[in-house]
Amino acid sequence: PGSSSLTGAALAYDEYAREFFGEAGYNANINQIHHIESLFVNPGKHATYGAYLAYAPTWDYGGSIRAVWTLPGIEFTNISALRWNESRFQGDIGVGPVAMAGFQVHVQRHYFYQEDRAQTTDLGRLHLLGGFTYFSDQINNRINGQFFGFTLSPTFNTEKTTSWSAYGQGIYDITDALSLTASLRYIHETRNDLFPPDASDPFDPGAEISKSLETKFLPAATLSYKTG
């Protein structure tokens, strides 16, 4: 609406915007200014303004397969799992009866897990187990700020995690009640975070990438005794 159709409060805002932005800035932002001014106008009979609509839907799918192959004295197991998840969220952090300061969040995540292991089944008092695992996870994040009815440019972020491990374990039954367990696991994990450049922001520093690598050796030994 033009300034001639404004209420007193909206007209005061219009005059303030002209003074604050100057004539050139006022004309360049005329659509946004008029949108804010419309919030000062009575929406009509039986109608009201409201805060940003809050919602939080989630979609979650997944599946896994386990296969076992038994041979004399040894058993092989394969486990594969895949999961896909998507969630959205919107809310308003303002407490007014109009849409003030809100945000939209969109998260997509999918991961894959694979494990192969072998274990002995007929070595008397000695029981051996060994295997390998692989895990891949990717999370895509997007968030949009909202202000007085306007949705701002989104911020994107992608997180990637890749992890693999190898492990072995041996159990020796010293007696029927007393056993000794020794194990060793090696873990190798990499994480990458990517913030792509924002072409709409003249002050954006460009793409930002962070990487990390973590490795661990996890030895363990246990002496256990069964009672009863």
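Keep in mind that this is a model prediction, so the values were computed, not measured.
How far CZ of F89 is from CZ of F103: 4.5 Å, rounded to the nearest 0.5 Å. Distance check: E159 CD to T161 OG1 gives 7.0 Å after rounding to the nearest 0.5 Å. Expressed to the nearest 0.5 Å, how far CD of E86 lies from NE2 of H106 amounts to 3.5 Å. For the atom pair OG (S163) and CD (E214), the distance works out to 9.0 Å, reported to the nearest 0.5 Å. Taking CD1 of I171 as the start and CZ of R125 as the end, the distance is 13.5 Å to the nearest 0.5 Å. The CZ atom of R185 lies 8.5 Å from the OG atom of S183; values are rounded to the nearest 0.5 Å.
The stretch residues 107-131 participates, sequence neighbours left out, in these ring pair (Phe, Tyr, Trp, His ring centres under 6.0 Å) pairs: Y111-F135.
Note: the hydrophobic cluster containing L223 also contains Y225 (ILVMFWY, side chain heavy atoms under 4.5 Å, direct or indirect links). The hydrophobic clustering, which links ILVMFWY residues whose side-chain heavy atoms are closer than 4.5 Å, places L184 and L128 apart.
Remark: of the listed residues F132, Y167, W164, W164 is the sole one forming a ring-ring contact (aromatic ring centres under 6.0 Å, His included) with Y186. Exactly one residue among D60, D137, N140, N85 makes a side chain to side chain donor-acceptor pair (under 3.5 Å) with R109. That residue is D137. For the side-chain contact (heavy atoms from CB on, under 4.5 Å) criterion with I187, the lone passing option out of L218, T215, T133 is L218. Here the rule is side chain to side chain donor-acceptor pair (under 3.5 Å) with N141, and of N157, T158, T155 only N157 fits it.
Side-chain contact check for T190 versus K211: every heavy-atom pair is 4.5 Å or farther apart. Residues L194 and N192 fail the side-chain proximity criterion, which asks for heavy atoms closer than 4.5 Å.
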Verdict with supporting geometry, R88 and R142, side-chain contact (heavy atoms from CB on, under 4.5 Å)
CA-CA 10 Å; R88 298 174 181 264; R142 188 191 73 192; 4.1 Å; yes
Kindly determine whether E23 and R18 satisfy side-chain contact (heavy atoms from CB on, under 4.5 Å), including the steps that lead there.
CA-CA 6 Å; E23 196 64 28; R18 287 179 184 272; 3.4 Å; yes
Using the side-chain contact (heavy atoms from CB on, under 4.5 Å) rule, take H188 and L213 through it: C-alpha gap first, then chi angles, then the decisive distance, then the call.
CA-CA 8 Å; H188 182 282; L213 170 63; 3.4 Å; yes
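Looking at D173, its side chain never comes within 3.5 Å of a backbone N or O of L126 through a donor-acceptor pair.
At a threshold of 4.0 Å, the pair K226-D176 does not count as salt-bridged, since none of the basic side-chain nitrogens sits closer than that to a carboxylate oxygen.
Residues I79 and T77 share a closest heavy-atom pair of CG1-CG2, 4.1 Å. Smallest separation of non-hydrogen atoms from T58 and S87: OG1-CB, 3.7 Å. Looking at every heavy atom in both residues, P196 comes nearest to F156 through CD-O, 3.5 Å.
Defined by atom type and a distance below 3.5 Å, a donor-acceptor pair is present between the side-chain atoms of S80 and Q114.
Annotation for W69: atom CH2 does not count as buried by contact number, only 12 or fewer foreign heavy atoms lying within 6.0 Å.
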